[in-house]
Student: 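One structure, pasted below without further comment.
In listed order, ligands and their atoms are each counted from 1.
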Amino acid sequence: MTQTDLPQKPDRRFVLQSGAAAVVALLASGCALPAAAGGPPPLGFTAVPPAADDTLRVPPEYEARVLYRWGEPTGLAGAVPPWRADGSASAADQAMQAGMHHDGMHFFPLGRDSRRGLLVLNHEYTDEGLLHPAGVSRSLETTRKSQHAMGVSVIEVVLGPAGWEQVRPSRYARRIHGNTPMRISGPAAGAPAMRTAANPAGDQVLGTFANCAMGVTPWGTYLTCEENVHGYFGGPGRPGADHPRSLRRYGVGPGGQWIDWWRHDARFNVTQHPNEAHRFGWVVEIDPMDPTATPVKRTALGRKAQESATCTRTRDGRVAVYMGDDARFEYIYKFVSRDPIRPGGYAANRDLLDHGTLYVARFDEAGRGQWLELSVGRAGLEPAAGFASQADVLIDARSAADAVGATPMDRPEWIAVHPGTGEVYVTLTNNSQRGEPGKPPVDAANPRARNRYGHILRWREAGGDAAAAQFEWDLFALAGDPAVPGAGTRYPAPGADAFGSPDGLHFDSGGLLWIQTDVSGPAMHHGDMAALGNNQMLCADPATGRIKRFLTGPRGCEVTGCVVTPDRRTLFVNIQHPGETRDDGGSQGHWPDGGHTPPRSATVVVRRRDGGVVGT
Ligand code: FEO
Ligand code: CA
Ligand code: CA
Ligand code: CA
């Protein structure tokens, strides 16, 4: 399709009318949006002021309780390894306990109401100093413990008279980690670049780690996203001239590791086993209802620093998956399945994510955008350019996206779809290098040089169809402190509560948007973000553009993983890396246990004291 075929960019009235029509259509189909159906007005809660102390705060009419801390039993049958504050738990213990650095999360109801369910949550990375009493990882045992502290937890939770409790033991409980056997499926499975000495067929792999944001499929499975996997592959020396582009373009190379697992676990030695790193950076599908089900890496969705895998339906009943690649100047992707979603849950849709088309976004001027297809044989994705097969395109999706002319973005993180209008929102968390010498300049969709505060952009697919090749976009918010001269802050409504580095993003079923922030430690304490305080969560009402601060986290944390139950009466959210060490090396907090205890990432449950709808 040519430029002249692009639809006109609608004005705001068109968008709002279309949104209203979509809400009416939802209501007609029996899928009510409570906020639009005469429920309590949104954002009626007492705003929480910025805070800099070591406490988690919510509005006074709400209560917050810690539910699942790093090191607590997951609820597996059998031995229950106790929490050991001195870090002396074994690798085997850690495989039965909550991992570190809780991130993306979803609530899967068990039964008809929202009073019992499974929480499935990611554990993104480790604090090696807290994890090992003798310091950083230096043996096979500490390597294994580190691997076991990442991955995914499946826990069962129930709302009892005393509030939400974890069910222990639970027949659903599961810890998936860096050594859990998995299957590799889709076009890259079995490709030469996926084959290793341990798995010559290239179709099986041990583990998932660096699990950041997530997605949930229409058929009820959980998608965990492998983000910063490059930090765990290393080796002696520096990359040589023969170091492949599919590793180089992803920051994988000898000498590049964050943690030297390679010294004790040879598959992470990228010099000896270069293909092992091709087997990470994927979306992994997990059936939360069957703790014996083998997780599956879905290669059709492309390899990147996966940040999210947000699913929605196309007009003709297929699935579309939106994905961010969180690194400076990386891209936003969309996968559209070949086949329609079938009734019957996961059993009827086991191969749905293995067949389809991957696209990458180009954001043009004047609010127009185009999805560019990433298929071998198209748009220069030819053998001469290093793409001999679709497997090559998917394994080196970043280079394929470079080749087709996608728009480099300011670190795309979470993506959320409005349940009524279908509008898609994405956080672009920050990019201190935008417009710097030798780096991409500002553009319409990434309009600020040295974008230190981040922004939220949204788009609307042509014809309201998630399968469309074109879209229209606008900027929802330019984050930052309005008091800082030259910050270029712009919020959709006057009086919005300020924030920086938007990261987590969740639409509840009523159409309220929960924004979670991840200002990094040095910027928070030494930069001009200090006035914004600790990281926080805000609630936005896209219908009015109002944004109000709902929660402030303890020192050093990021806030992430928010999910609201279908009945909208409970909100689960993760506090990641509380007390994170300052750049001078000191720990700056002891949340949630206080005193001189080690800080612990944890899931928090938030309810209104009167049991009402959250965010109202
Ligand atoms: Fe793990 Fe991009 O946040
Ligand atoms: Ca994080
Ligand atoms: Ca994130
Ligand atoms: Ca982040």
Student: Is there an N/O/S atom in Glu124 at a distance below 3.0 Å from the Ca ion (ligand 2)?
Tutor: yes
Student: Does either side chain, that of Glu285 or that of Thr221, offer a donor lying less than 3.5 Å from an acceptor on the other one?
Tutor: yes
Student: Examine the side chains of Tyr453 and Asp481 and answer whether a donor and an acceptor come within less than 3.5 Å of each other.
Tutor: no
Student: At a threshold of 3.0 Å, where the distance has to be below it, does the Ca ion (ligand 2) have an N, O or S atom of Glu558 nearby?
Tutor: yes
Student: Do any N/O/S atoms of Glu227 come under 2.8 Å of atom 1 (Fe) of ligand 1?
Tutor: yes
Student: How about Asp518: does one of its N, O or S atoms come closer than 2.8 Å to atom 2 (Fe) of ligand 1?
Tutor: no
Student: Assess the side chains of Thr517 and Gln536: does a donor N or O sit below 3.5 Å from an acceptor N or O?
Tutor: no
Student: Tell me whether His148 contacts the main-chain N or O of Ala91 through its side chain, where contact means a donor paired with an acceptor under 3.5 Å.
Tutor: yes
Student: Report whether any nitrogen, oxygen or sulfur of Tyr125 sits less than 3.0 Å from the Ca ion (ligand 2) (N, O or S, backbone or side chain).
Tutor: no
Student: For atom 2 (Fe) of ligand 1, find the closest N/O/S atom belonging to Glu413 and write down its atom name.
Tutor: OE1
Student: If we count only N and O atoms by modelled type, under 3.5 Å, do the side chains of Gln147 and Asp265 hold a donor and an acceptor together?
Tutor: yes
Student: Quickly, which of Asp103, Thr560, Thr224 forms a side-chain hydrogen bond (donor to acceptor under 3.5 Å, both in side chains) with Asn122? Name it, please.
Tutor: Thr224
Student: Decide, counting backbone as well as side-chain atoms, whether Glu124 has an N, O or S atom less than 2.8 Å from atom 1 (Fe) of ligand 1.
Tutor: yes
Student: Which is the closest N/O/S atom of Asp326 when seen from atom 2 (Fe) of ligand 1?
Tutor: OD2
